[in-house]
Amino acid sequence: MNAENPIWGLISTFGLMSLFAVGGAAAAVPEMHRIAVDVHHWMTDKQFADAYAIAQLSPGPNVLIVTLIGYAVAGIPGALAATLAMCLPTALLAYYVSRLLNRPNQSRWPGLIQAALVPLSIGLMAASALILAESTDRTLAALILTATVAVVASVSRINPLWILLVGGLLGFAGIV
């Protein structure tokens, strides 16, 4: 990254990452974490986890994490640059690929490609969960809370906002 102009670092990082973010920005969270925390040192583990939590809690698309990383690096211009770099290349690619796949032909390839992307997306989301758990679960209480939330979320119909509220209150109280 050019130390004098972090905007170009954000554009090159997220522009390239957008083309490999199969399944959306949420699937690229492990790579975002690696780049933002380990490679460029734009943020700490805790800052990344906090930004991810804010992005998930906020209404709108999951790509908000990119906006928050850009903001941490270079303020509002960084937020705009990172968001556009993450969204624009992928949007253009998706547009042209969808036009190609919607042509009337009898090829089996579009269906096979779409079917192959499902397990890939699930694996990337699982990797995202693992990266976030490793960066935030530093105590036994936090690890137990994460495991409990995973079980409750998977077996109940409780609105995730209630689960986030309880987690936030436990964090505010200093329990986790």
Side-chain angles (χ1 to χ4, degrees), residues 1-102 113-114 117-118 120-138 146 149 153 159-165 167-169 171-172:
M1 178 178 85
N2 183 350
E4 295 172 13
N5 192 351
I7 300 290
W8 290 114
L10 290 166
I11 291 171
S12 64
T13 297
F14 289 115
L16 181 62
M17 189 182 301
S18 75
L19 297 173
F20 296 101
V22 177
V29 169
E31 183 63 9
M32 285 182 212
H33 178 272
R34 188 184 75 79
I35 295 289
V37 175
D38 299 331
V39 174
H40 292 297
H41 307 290
W42 288 334
M43 13 178 50
T44 65
D45 267 338
K46 179 162 179 11
Q47 289 170 324
F48 186 88
D50 290 346
Y52 182 80
I54 291 168
Q56 292 301 304
L57 185 61
S58 301
N62 286 336
V63 77
L64 185 59
I65 181 72
V66 173
T67 307
L68 295 174
I69 293 170
Y71 184 79
V73 172
I76 292 175
L80 291 171
T83 304
L84 287 174
M86 188 70 181
C87 296
L88 195 58
T90 306
L92 292 172
L93 180 64
Y95 173 75
Y96 287 111
V97 168
S98 71
R99 288 188 56 146
L100 180 68
L101 292 178
N102 286 330
I113 291 171
Q114 289 174 336
L117 290 176
V118 171
L120 178 64
S121 296
I122 291 170
L124 289 170
M125 286 187 278
S128 299
L130 181 63
I131 293 288
L132 290 170
E134 287 176 345
S135 67
T136 57
D137 292 341
R138 303 277 185 212
T146 299
V149 165
N159 187 321
L161 289 177
W162 291 113
I163 296 171
L164 283 170
L165 177 65
L169 291 173
F172 184 72

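For F48, the ring-ring contact (aromatic ring centres under 6.0 Å, His included) criterion is met by H33, not counting sequence neighbours. Checked against side chain to side chain contact (heavy atoms under 4.5 Å, CB included), I163 has the following partners two or more places apart in sequence or in another chain: V149, V152, A153, I158. Applying the side chain to side chain contact (heavy atoms under 4.5 Å, CB included) criterion to L164, with sequence neighbours excluded, gives L57, L161. Here L80 pairs with I76 under the side chain to side chain contact (heavy atoms under 4.5 Å, CB included) rule; sequence neighbours left out. Residues that satisfy the side-chain hydrogen bond (donor to acceptor under 3.5 Å, both in side chains) test with Y95, not counting sequence neighbours, are R99. With sequence neighbours excluded, the residues forming a side chain to side chain contact (heavy atoms under 4.5 Å, CB included) with I35 are T13, M17, E31, V39, H40, W42, listed by chain and number.
Sorted by first then second residue, the side-chain hydrogen bond (donor to acceptor under 3.5 Å, both in side chains) pairs that include residues 68-81, not counting sequence neighbours, number zero. Listed by first and then second residue, the salt bridge (charged side-chain N to carboxylate O under 4.0 Å, His left out) pairs that reach into residues 48-75 are K46-D50, sequence neighbours excluded. The list of salt bridge (charged side-chain N to carboxylate O under 4.0 Å, His left out) pairs with a residue in residues 72-94, not counting sequence neighbours, is empty. For the salt bridge (charged side-chain N to carboxylate O under 4.0 Å, His left out) condition, no pair includes a residue of residues 69-81, sequence neighbours left out. The salt bridge (charged side-chain N to carboxylate O under 4.0 Å, His left out) pairs that include a residue from residues 84-97 number zero, where partners must be two or more places apart or lie in different chains.
Pairing each heavy atom of L10 with each of A85, the nearest pair is O-CB, 4.3 Å. The two residues A81 and I7 come nearest to each other via the heavy atoms CB-CG2, 3.7 Å.
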Under 3.5 Å, which donor-acceptor pairs do the side chains of residues 63-70 form with other protein atoms, sequence neighbours left out?
| from | atom 1 | to | atom 2 | distance (Å) |
| --- | --- | --- | --- | --- |
| T67 | OG1 | T83 | OG1 | 2.5 |

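Note that the CE atom of M86 and the CG atom of L19 stand 9.0 Å from one another [nearest 0.5 Å].
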